[in-house]
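Shown next, in structure tokens, is the structure this report addresses.
Naming convention: chains lettered A, B, ... in sequence-line order (proteins, then strands); numbering from 1 in each chain. A quick note: this is a predicted structure, and the numbers were derived from the prediction, not measured.
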2 protein chains.
Amino acid sequence: MSMQKAPGPVAVEEPNRRTEIVRAAGRLFHAKGYSATTIRDIAGAVAMRSGSPFYHFKTKHDMLRAVVLEGMGAINAAVALAANSGKSPRATFEAMLRAHLGQLLGAEGRDFAATLLHESRHLDHEAQAEVVALKDDFEAMWQKALRDLKRAGLIADDSHLARLFLLGALNWTVQWYRPDGSKSIAQIARQLANFVIGKPRRP
Amino acid sequence: MSMQKAPGPVAVEEPNRRTEIVRAAGRLFHAKGYSATTIRDIAGAVAMRSGSPFYHFKTKHDMLRAVVLEGMGAINAAVALAANSGKSPRATFEAMLRAHLGQLLGAEGRDFAATLLHESRHLDHEAQAEVVALKDDFEAMWQKALRDLKRAGLIADDSHLARLFLLGALNWTVQWYRPDGSKSIAQIARQLANFVIGKPRRP
DNA sequence: TGCTACCAAGCAAGCGCTTGCTTGACAAGG
DNA sequence: CCTTGTCAAGCAAGCGCTTGCTTGGTAGCA
């Protein structure tokens with residue numbers, strides 16, 4: 001029957017049909033929401049008949065799980081890379097903002113990340129626990145970034161609430177950002193850094 | 001046949017069954033999402049049979065419209081009241097934060113406000129335009145609040161982007177706030193004010 | 001020959017919504 | 001006081017359609 005090979009958190013690039021399905025599902029879940037997206041929508045988007053995706057996935061929920069884990073893995077990796085770039089606290093922070101926004105708004109990963117943010121609640125408890133575990137690591141990274149900024153005297157508040165405010169400002173960009181708008185992702189990242197820290201010091 | 005009296009943006013308190021349906025619909029739309037909520041869910045929540053809600057509403061979309069307009073009207077009114085309280089810029093700002101968070105997180109209106117934030121995209125174009133018109137007024141209020149803060153020398157940036165960051169931090173609270181948590185709405189409002197402005201000046 | 005990846009067809013359940021009818025409250029007419 | 005008519009507010013039943021998913025078969029490659 002079906003192979004159903006469970007992918008690791010960051011799926012290795014296998015150029016098979018399964019990956020296409022995940023990508024199409026992500027696009028549709030992002031555009032219409034999980035419940036309003038039908039199997040027939042997804043199948044049609046990859047030129048299959050409505051029964052065929054079930055060769056690759058046991059259930060529709062499983063497709064959502066794949067999309068969400070892909071999104072979580074990608075944003076986690078991108079921000080972690082920026083966090084360990086060894087620059088100054090301020091530059092590191094801004095690089096993390098750029099990485100986060102790049103996954104959320106950039107063409108490659110935005111459907112996965114946006115689905116992660118808005119549709120995770122439709123997962124069953126088991127899959128939701130998987131996501132929460134990864135999210136905890138993710139939030140710890142941001143908490144550490146704020147701690148470093150405070151140690152450097154750049155911000156006054158590195159509490160949990162401050163992290164939630166920051167992630168709110170970040171994640172809410174999904175609601176208003178338009179790729180053809182007047183601000184680039186890098187510009188938004190810089191201005192958010194200024195918003196949180198204040199203008200860079202003049203010597 | 002049916003009355004279908006279109007309510008004003010802020011519905012006058014008519015203690016009829018229609019109001020109960022809107023309230024139940026709001027609760028369910030918030031909890032499960034619009035598409036995942038069935039007419040039978042809503043009818044069951046007010047002890048009706050599945051066909052009876054259609055005496056009060058033409059379509060399921062119309063129920064969503066009622067919920068969303070109720071939410072928009074309520075948050076608009078609450079924040080406008082705080083904005084015109086005639087206090088100092090900083091106190092006015094914090095009062096607006098409290099009002100916004102009160103609607104978003106407080107027991108009375110959270111289902112309406114949360115549905116407004118997350119399910120508006122399921123409205124048809126016509127109803128969506130109604131919401132956007134009200135939202136423009138709402139955002140103008142916040143923009144003015146930031147302008148006043150900048151005039152008073154309390155913040156450095158009152159740009160559109162700054163407003164979007166602020167509203168992001170505010171609206172994202174829906175994702176993490178728990179009524180039984182350790183922080184009250186007023187405490188969150190105060191800390192967000194500090195986050196944006198900096199600590200209140202010591203004389 | 002066997003395995004992978006799909007299609008054609010369709011099933012059971014559930015969906016939004018409609019229809020014809022009932023019920024209790026109330027006002028007017030005799 | 002009793003009948004009659006009207007109305008709001010529902011109920012019971014079900015229609016046509018869509019949903020997620022299954023099943024049996026098979027073309028193409030190794």
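Counting any heavy atom pair closer than 4.0 Å across all strands shown, A/Ala47 reaches sugar-phosphate atoms only and no base atom.
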How would you summarise protein contacts on nucleotides 9-27 of chain C per nucleotide, using B for base, S for sugar-phosphate only and - for none, with heavy-atom distances below 4.0 Å? -B----BBBB---------
Would you mind writing out the side-chain donor-acceptor pairs for residues 140-147 of chain B within the sub-3.5 Å range, not counting sequence neighbours?
from	atom 1	to	atom 2	distance (Å)
B/Gln143	OE1	B/Arg163	NH1	2.8
B/Gln143	NE2	B/Asp158	O	2.9
B/Gln143	NE2	B/Ser159	O	3.3
B/Lys144	NZ	B/Asp148	OD2	2.9

Taking distance alone, no hydrogens or angles, what donor-acceptor pairs closer than 3.5 Å link side-chain atoms of residues 79-89 of chain A to residues at least two apart or in another chain?
from	atom 1	to	atom 2	distance (Å)
A/Asn84	ND2	A/Ala80	O	3.2
A/Ser85	OG	A/Ala82	O	2.9
A/Ser88	OG	A/Ala91	N	3.1

Could you pull out every donor-acceptor pair under 3.5 Å between side chains of residues 164-176 of chain B and any protein atom, sequence neighbours left out?
from	atom 1	to	atom 2	distance (Å)
B/Asn171	OD1	B/His100	NE2	2.9
B/Asn171	ND2	B/Leu167	O	3.3
B/Thr173	OG1	B/Leu170	O	2.5
B/Gln175	NE2	B/His118	NE2	2.8

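Spacing between atom CZ of A/Arg17 and atom C1' of C/dT4 amounts to 13 Å, rounded to whole angstrom units. Between A/Tyr55 atom OH and C/dC3 atom P there is a gap of 12 Å when expressed in whole angstrom units. Rounded to whole Å, atom C1' of C/dC6 lies 14 Å from atom CG of A/Asn16.
Between the side chain of B/Asn194 and the backbone N or O of B/Gln191, no donor-acceptor pair lies under 3.5 Å.
Scored by the ring-ring contact (aromatic ring centres under 6.0 Å, His included) test, B/Phe112 finds no partners at all (sequence neighbours excluded).
Pairs of residues two or more places apart, or lying in two chains, that qualify as side chain to side chain donor-acceptor pair (under 3.5 Å) and include a residue from residues 124-138 of chain B are B/Arg65-B/Glu130.
The phosphate of D/dA8 (OP1 or OP2) has no side-chain N or O of B/His56 nearer than 4.0 angstrom.
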